[in-house]
2 protein chains.
Amino acid sequence: MNIGEVATQAGVPAKTIRYYESVGLIPAAARRGNGYRSYSQTDLHTLRFIHRARELGFSVAEIEDLLALWRNKRRKSQAVKAIALAKIAEIERKIAALETMKRTIRHLTAHCHGDARPDCPILDDLAGDGG
Amino acid sequence: MNIGEVATQAGVPAKTIRYYESVGLIPAAARRGNGYRSYSQTDLHTLRFIHRARELGFSVAEIEDLLALWRNKRRKSQAVKAIALAKIAEIERKIAALETMKRTIRHLTAHCHGDARPDCPILDDLAGDGG
DNA sequence: CCTTGACCTTCCAGTGACTGGAACCTTTAT
DNA sequence: ATAAAGGTTCCAGTCACTGGAAGGTCAAGG
């Protein structure tokens, strides 16, 4: 497969695949006589793995670890589970931070008329007049 | 005030204040004879406004709009409220995406032994074997 | 007078994970 | 012959800083 086809099949832009290669997340692809990159089913499988992990919020660095574990038939499942649980904790922290932001902004908007008048407690509060 | 003091008072690193100036978020500060930047109470007030808005997840571009509205005594409060409500919607989208990630990862971990054995449904699922 | 240290200045480079675009080559179809 | 669609490389930009180098300024202490 050329890069375009594997990109379509894996759901990852061709440009991004070249980027993954450049940063060493995937090994350098084999080349055809014309210099085009050539991908196998295994490469496609790996790219799909990466795509799914990225969707789930894993960083490229974390995916490197995950890929090493995936390829290592002797890995311990606890190593994988630890990464997943840490990611859940991180997601929960992010959600909590966003909930706090949301509550605060909602609170600000609650007292703003939202009409043609200039009076706006949102700006006053952002300025620190109210906290 | 020198940049260090206004930085402490506003809760924004000096480096970040110079950055804000360089990207035009704040006007170029007045300079003393020795070339040091000099800040007024108004500048401090603006920096605090920016700090608080950043904490609440507003981008620098959005803060530019908010600052323009803040300075404009004839603004309509609906313009401010619209930005705030759009931000709430954006935060809600982010939270929903994170919740989906969390549910999926939690689901993956639920079937992984997490022990010394290599068998790991997390990796199998990431690879697409199960979805 | 000299030094030390804290503060200030500028500018350049790096972060994460791409993405856009230029300039060019190859293949396929018309 | 030519055009379109694919491929190649490399450089620059995104966002909001942050780190660091190399140097100027200021107040206090010996």
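Computed from a predicted structure; not experimentally measured. Because only heavy atoms are used, hydrogens play no part in the values below, and waters and symmetry mates are left out as well, while side chains stay in. Throughout, protein chains are lettered first and strands after them, A, B, ... in sequence-line order, and every chain is numbered starting at 1.
A salt bridge does not link B:Glu21 to B:Arg18: none of the charged side-chain nitrogens sits closer than 4.0 Å to a carboxylate oxygen.
Between A:Asn2 atom CG and C:dC25 atom P there is a gap of 19 Å when expressed in whole angstrom units. Nucleotide C:dA17 holds its P atom 13 Å from the CZ atom of A:Phe58, rounded to whole Å. B:Leu47 places its CG atom 11 Å from the P atom of D:dC17, with the value rounded to the nearest Å. Atoms CD1 (A:Ile17) and P (D:dG6) sit 14 Å apart, rounded to a whole Å. Rounded to an integer number of Å, the gap from OH of A:Tyr19 to C1' of D:dT14 is 13 Å. When the C1' atom of D:dG6 is taken as reference, atom CD1 of A:Ile3 falls 11 Å away, rounded to whole Å. Atom-to-atom, CD1 of A:Ile50 to P of C:dA17 comes out at 12 Å; the value is rounded to the nearest Å. Separating the NZ atom of A:Lys15 from the P atom of D:dC10 is a distance of 12 Å, rounded to the nearest angstrom.
Within the 4.0 angstrom heavy-atom criterion, base atoms lie near A:Arg18.
Side-chain atoms of A:Glu62 do not come within 3.5 Å of backbone N or O of A:Ile83 as any donor-acceptor pair. A donor-acceptor contact shorter than 3.5 Å links the side chain of A:Lys81 to the backbone of B:Cys112.
Of the candidates D:dC17, C:dA17, C:dT19, C:dA17 carries the atom nearest the A:Ser59 side chain, counting heavy atoms from C-beta on.
Between A:Trp70 and A:His45, the two ring planes are perpendicular [angle over 60°; tilted spans 30° to 60°].
For A:Thr16, a side-chain nitrogen or oxygen approaches OP1 or OP2 of C:dT19 to under 4.0 Å.
A pairwise comparison of heavy atoms in B:Ala7 and B:Pro13 identifies CB-C, 4.1 Å as the closest pair. Of all the heavy atoms in A:Leu66 and A:Val80, the pair that sits closest is CD1-CG1, 4.4 Å.
Judged purely by distance below 3.5 Å, without hydrogens or angles, the side chains of B:Thr46 and B:Asp43 never pair a donor atom with an acceptor atom.
Within residues 21-37 of chain A, the residues approached by DNA chain D to less than 4.0 Å at the level of any non-hydrogen atom are A:Arg31, A:Gly35, A:Tyr36, A:Arg37, in residue-number order.
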